Amino acid sequence: MEISKNFAATEIEGKWYDHWMSKGYFHSEPDEREPFTILIPPPNVTGILHMGHMLNNTIQDILIRKARLDGKNACWVPGTDHASIATEAKVVKWLRAEKGIKKSDLTRQEFMDYAHIWKDKYGGIILNQLKKLGASCDWDRTAFTLDEVRSEHVQKAFIDLYEKGLLYRDYRMINWDPVAKTVLSNEEVIRKDVQAQLSYIEYRFADGSEGGITIATQRPETIMADVAIAVNPKDEKYKDLVGKMVLIPLIDKAIPIIADNHVDLEFGTGALKITPAHAPEDYAIGKTHGLEVINILNEDATINEAGQILVGEDRFVARKKINKMLAESGHLQKLEDYTTNIGRSERTDAVVEPRLSLQWYVNMKELGKKALDAVMMDEVQFYPANFKNTYRHWLENIQDWCISRQLWWGHRIPVWYLGDDVFVANSIEEAIIKAKEKTGNQSLTIDDLKQDDDALDTWFSSWLWPISVFDGFSGSKEFDYYYPTNVLVTGWDIIFLWVARMIMSGYEWYDQKPFEKVYFTGMVRDQQRRKMSKSLGNSPDALKLIEKFGADGVRFGMLSSSPAGGDLLFDEKLCEQGRNFTNKLWNALKLLKGFEIDKSLPQPEVNVLAIQWFENKKNHILTEMARDFEQFRLSESLVRLYSFIWGDFCSWYLEMIKPAYQQPIDVATYEATVEIFSELMTILHPFMPFLTEEIWHLLKERKDGEDCVVSTWPTIGTFDKTLDKQIELTKEVIGKVRDIRNKNGLKKREPLTLLAQKSEETTNLLSAKGIQNLLIKLGDLEKIELVDQDIEGTSVSFGAGTGKYFVPLNLTIDVEAETKRLEEELKRAKGFVMGIEKKLSNERFVSNAPEAVVAMERKKLADGLARIKNIEESLEALG
RNA sequence: GAGGGUAUAGCUCAGUUGGUUUAGAGCGCUUGCUUGACAGGCAAGAGGUCGACAGUUCGAAUCUGCCUAUCCUCACCA
């Protein structure tokens, strides 16, 4: 069979993905096997694949493919969420641009119809992109937070919480997004320090007497909503002013000076303007003093009629203008630079406005308690575990969750109002029945009830994901079988928004965790450690990367440097390394397939040894990998496997068994190598699925249904340390011989003689089966001899293990350089021995340390002394 | 203001309950290779007083304390 020069990733990826799909390998049904379940953190339905998704989904795919190879019933459920705010904004924009329709001209139903059209057209792209990455999801189970089953769950959850008294409606100061025109939960507000200015404004006495009081504010545009000026009652300088009236500049409205303990004497001038409608603390102060609330901002944060001046201006434009006006009227005393913390909407980036409104809340005190315990007691395990601290900190200071949103794209709140009466129900018909019962008025009709206009927070559907994807509220057998799931793989940035709330919902409805383990991935950052983002434009195009390096190469790149929880500094070079690895394996395949097989040939000793050694080492690697997987150290596992395949398999094993040029190979070795290679492909498969499937099939004829993706993870045999050490020593000797060639400008193929000074170690080594032939083959030697003593004259000596070796050369030796080299070696060896002697001469070490440790130190000492002796002899021989 | 993380080679990071020949990998760097699978490669090599100080211990990169640097999370001070 002719094998192409390079691994053609693109063609092969499509071919195998289709094959896997047609065989239904990714589909799972409950059966008697142990399930292994992962739920995808649903990406935004309108989103496209970015680096974070690639990392996150590569990890999930590795875990799921490994579980499949382990013989478990692997089920990875994909899906998307409807991303209320982001999607509604996109739909509104699309309607305006392409259809010339304003949202306000549409009924709710019309808008929803358009939104669904839009979603069907542009949504779900990301799921197809995941296929390119190789994600082995059970696509038959694809769920969407706004589909029928998931919507039923949302409604049931809402009603159930209401009936339990865990859900309520309240009038409070909330976070308002003036672009999306909706309330946001605290978690959806991103706070950052920014440079701002404090305006120092003088409010003059209303009675016309000289002077006034000066306040410092960051928001001068809100002065029209002021209802008082507050000072601290302990503040000597303002003591006499309390009770006096002052005039709001520009609008000349009289407001009182009041005293309140909450005012900080040190900040600004020590006088605080009270604007209850536009600042949370002011609202609180206003309430205790029974002050009026004057709202001067519209929904879109422009000034309204109540403001009297600057009506219709945006708040930031108004801020600039009013500063100017105040300066002109002589009220502005100064502007001062100042750093403050402002919140922006996570989705629209608009500066969030405090606003008073009536919203629905979930009581978190109750729900949070069990969720906190579950993680603290390790019922749900966090990887890395230190996220437990963050989690606890949040849950211990948790505030109630505002779940209503002033949007249409989402689950409409199942609440109907009749005057002041509230009816929470599954449908309007049910609500009517409840209303009739409550009021005793049997003549009520649908038209008498008004449904709540708001929709629910997207996270209110996401938090039910582990339940709803299996139709849990209907008591499905899927739910019984797959729940709780095994592991959740997600970024730590949504630990509160999502992870914590899923744990809450799991315990609330089933008194059971939603997942055993949570693996928090790191954030993908660029070379300057900046988070990758659209606005910075520092995020590479995911699909282009796949085109350039192949999905396997990109998967390798994403993973090879991403410890859990830490950051990943993305560099294309990592993907390049992955692509190079696929190339290396491809060439190894080409080499093997290029061998001519001679069935009459006996198996050489060297090959027997090579196979034995490689199988042995494989057991060691598998043991380590098992531990890696248990602890989600996937990056380490891949690196380990990478160096095993590249270093041990390609550089050593294949060289060991490689026949001489144009010579055939014996059949036993060939077949053993095909098996070894196949096994390596199975082991590598979770990380690089496409390449491994391709090679697996090219290695030998496979029957229908025999595919790498559904092959069996090898069982782990015993590891013989002695055998491994012996080969390592042989490799060391070969390396030293090669070094001698390098340093003396000898050709690689120039035959050399190797002499080993007789010792227990050298005798053992050279008498072991196959070792001498191995040395000859890979060291390009013509003969090997054991000698009794030092060789005088033109030979170079070296140490390996504790042994001493010589290579006679027909060259004059550079005595000076050689002496220098040996002296340095001697220095090092002496330092080594000194350290150990110090340890061993310590009475307390010998009596306290475990025997094995002391014995090891004695061995190290003996070996060290032997090495010193060797070096000293060589120095002597040099003269 | 509260809490947390990190500090190991030029860079990015491993180092698994303290002891395995006086610290490992990848990239980068140096030297040599038109070797018959592979230059997306082969072979060899240089490079680190494990942030500072103090302590616990027979023994510390690993545990404790303090300091320094740096990153992050939470928090209504105008």
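We name chains A, B, ... by the order of the sequence lines, and we start the count at 1 in each one. What you are looking at is a predicted structure, and each value in this text was computed from that prediction instead of being measured.
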Q: Give a yes/no answer on whether the side chain of A/Lys830 brings an N or O atom under 4.0 Å of OP1 or OP2 in B/rU22.
A: no
Q. Does B/rG24 have a Watson-Crick or wobble mate here (both distances under 3.5 Å), and if so which one?
A. B/rC13
(Q) I want to confirm an ordering. Mapping A/Thr582 and A/Asn389 to their closest nucleotides on RNA chain B, which one lands closer to the 5' end? (A) A/Asn389
Q: Establish, with yes or no, whether the OP1 or OP2 oxygen of B/rA78 is under 4.0 angstrom from a side-chain nitrogen or oxygen of A/Tyr338.
A: yes
Q | Base paired to B/rA54 (Watson-Crick or G-U; both N/O distances under 3.5 angstrom) | A | B/rU64
Q) Looking for any heavy atom pair under 4.0 Å, which part of the strands does A/Pro850 touch: base, sugar-phosphate only, or nothing? A) base
(Q) Would A/Arg738 pass as a cation-pi partner of A/Trp652, given that its NZ or CZ must be under 6.0 Å from the six-membered ring centre and within 45 degrees of the axis? (A) yes
Q) Can A/Lys334 be said to sit on top of A/Tyr200's aromatic six-ring, NZ or CZ under 6.0 Å from centre and within 45° of the ring axis? A) yes
Q) How many Å lie between CH2 on A/Trp394 and P on B/rG3, as a whole number? A) 20 Å
Q. Going by distance alone, is a donor N or O of one side chain under 3.5 Å from an acceptor N or O of the other, for A/Asn232 and A/Tyr238?
A. no
Q. Distance check: side-chain N/O of A/Asn742 vs OP1/OP2 of B/rG45, anything under 4.0 Å?
A. no
(Q) With hydrogens left out and only the distance checked, is there a donor-acceptor pair under 3.5 Å joining A/Glu655's side chain and the base of B/rA37? (A) yes
Q. Could you give the CZ-to-C1' distance, from A/Phe7 to B/rA37, as a whole number of Å?
A. 16 Å
Q) Can you tell me the Watson-Crick or wobble partner of B/rC77, both distances under 3.5 angstrom? A) none
Q) Is A/Gly835 touching bases, backbone alone, or none of the nucleic acid, heavy atoms closer than 4.0 Å? A) nothing
Q) Which part of the nucleic acid does A/Val846 contact within heavy-atom distance under 4.0 Å: base, sugar-phosphate only, or nothing? A) nothing
Q.
Distance criterion of 3.5 Å, no angle test: do you see the side chain of A/Arg867 paired donor-to-acceptor with the base of B/rU21?
A. yes
Q: Determine the interatomic distance between C1' on B/rA9 and the same-named atom on B/rG48; round to the nearest Å.
A: 5 Å
Q | B/rC53 versus B/rA60 - spacing of their P atoms, nearest Å | A | 15 Å
Q: Sticking with atom C1', work out how far B/rA23 lies from B/rC13, rounded to a whole angstrom.
A: 14 Å
Q | Spacing of A/Leu592 atom CG relative to B/rC38 atom P, expressed in whole Å | A | 15 Å
Q. Does A/Phe496 reach the side chain of A/Ile398, with side-chain heavy atoms less than 4.5 Å apart?
A. no
Q: Measure from the side-chain heavy atoms of A/Gln631 and tell me the nearest of B/rU20, B/rA37, B/rU16.
A: B/rU16
Q. With a cut-off of under 6.0 Å to the ring centre and 45° to the axis, is A/Lys839 in cation-pi contact with A/Phe845?
A. yes
(Q) Taking any heavy-atom pair under 4.0 Å as a contact, classify A/Asp739: base, sugar-phosphate, or nothing. (A) sugar-phosphate
Q | Side chains of A/Tyr383 and A/Gln381, donor plus acceptor under 3.5 Å | A | yes
**Q.** Nearest-nucleotide 5' precedence on RNA chain B, A/Thr339 against A/Leu568
**A.** A/Leu568
Q: Look at the side-chain N and O atoms of A/Lys747 and state whether any lies under 4.0 Å from the OP1 or OP2 oxygen of B/rC33.
A: no
Q: Would you kindly give the CH2-to-C1' distance between A/Trp492 and B/rG4, to the nearest whole Å?
A: 12 Å
(Q) Classify A/Asp264 by what it touches in the nucleic acid, base, sugar-phosphate, or nothing, heavy-atom distance under 4.0 Å. (A) base
Q. Does any nucleotide pair with B/rG47 by Watson-Crick or G-U wobble geometry, both distances under 3.5 Å, and what is it?
A. none
**Q.** Length of the line joining A/Asn386:CG and B/rG4:P, which is rounded to integer Å
**A.** 11 Å
Q. Roughly, in whole Å, what's the span from CZ in A/Arg579 to C1' in B/rC27?
A. 15 Å
Q. Between A/Asp724 and A/His620, do the side chains contain an N or O donor and an N or O acceptor separated by less than 3.5 Å?
A. no
**Q.** OP1 or OP2 of B/rC58 under 4.0 Å from side-chain N/O of A/Asn848
**A.** yes
Q.
So, OP1 or OP2 of B/rC42: does either fall under 4.0 Å of a side-chain N or O from A/Trp646?
A. yes
(Q) Of the options B/rU12, B/rG40, B/rA37, whose atoms approach the side-chain atoms of A/Leu569 most closely? (A) B/rU12
Q. Hey, does the side chain of A/Arg741 come within less than 4.0 Å of B/rC33's phosphate (OP1/OP2), counting only N and O?
A. no
Q) What is the pairing partner of B/rA37, taking Watson-Crick or G-U wobble pairs with both distances under 3.5 Å in any strand? A) none
Q: Could you tell me which nucleotide pairs with B/rG18 by Watson-Crick or G-U wobble geometry, both distances under 3.5 Å, or answer none if nothing does?
A: none
**Q.** Separation of the P atoms in B/rC66 and B/rG55, to the nearest angstrom
**A.** 16 Å
Q: Please measure how far the P atom in B/rG65 lies from the corresponding atom in B/rC74, and state the result in whole Å.
A: 26 Å
Q | Centroid-centroid distance, A/Phe581 to A/Tyr642, less than 6.0 Å | A | yes
(Q) Using atom C1' in both nucleotides, what's the gap between B/rG19 and B/rG59 to the nearest angstrom? (A) 7 Å
(Q) What's A/Ala216 touching, base or sugar-phosphate or nothing? Going by heavy atoms closer than 4.0 Å. (A) base
Q.
Work out how far the C1' atom of B/rU22 is from that of B/rU17, and round it to whole angstrom.
A. 23 Å
**Q.** Distance in angstrom units between A/Glu624 CD and B/rG24 P, rounded
**A.** 15 Å
Q.
For A/Phe649 and A/Phe677, take the angle between the two ring planes, folded into 0 to 90°, and tell me which bin it lands in: parallel under 30, tilted 30 to 60, perpendicular over 60.
A. perpendicular
Q: To the nearest Å, give me how far apart CG (A/Asp493) and P (B/rU73) are.
A: 10 Å
Q) A/Asn583 near the nucleic acid: base, sugar-phosphate alone, or nothing, with a heavy-atom cut-off under 4.0 Å? A) base
**Q.** Partner nucleotide of B/rU6 by Watson-Crick or wobble geometry (both distances under 3.5 Å)
**A.** B/rA69
Q. Just checking A/Glu630: base, sugar-phosphate only, or nothing, at a heavy-atom cut-off of under 4.0 Å?
A. nothing
Q: Remember a base hit wins even if backbone is also touched, and classify A/Arg529 as base, sugar-phosphate or nothing at under 4.0 Å, heavy atoms.
A: sugar-phosphate
Q.
Can you tell me if A/Ser635 touches the phosphate of B/rC13, counting only side-chain N or O atoms and a distance under 4.0 Å to OP1 or OP2?
A. no
Q.
Any base atoms under 4.0 Å from A/Lys388, or only sugar-phosphate, or nothing? Heavy atoms, all strands.
A. nothing
Q. Under 4.0 angstrom, heavy atoms only, what part of the nucleic acid is A/Thr275 near: base, sugar-phosphate, or nothing?
A. nothing
Q: Give A/Ser847 one of three labels, base, sugar-phosphate or nothing, depending on what nucleic acid heavy atoms sit under 4.0 Å from its own.
A: nothing
Q: Quick one: label A/Lys859 by what it contacts on the DNA or RNA (base, sugar-phosphate, nothing), any heavy atom closer than 4.0 Å.
A: base
(Q) B/rA43, OP1 or OP2 - any side-chain N/O from A/Ser651 closer than 4.0 Å? (A) yes
Q: Pick the C1' atom in B/rG18 and in B/rC58, then give their distance to the nearest Å.
A: 12 Å
Q: Measure from the side-chain heavy atoms of A/His393 and tell me the nearest of B/rA78, B/rC74, B/rA43.
A: B/rC74
Q: Could you tell me whether A/Lys573 contacts a base, only the sugar-phosphate backbone, or nothing, with contacts defined as non-hydrogen atoms closer than 4.0 Å?
A: sugar-phosphate
Q) With a 3.5 Å cut-off and no angle check, do the side chains of A/Thr802 and A/Asp863 form a donor-acceptor pair? A) no
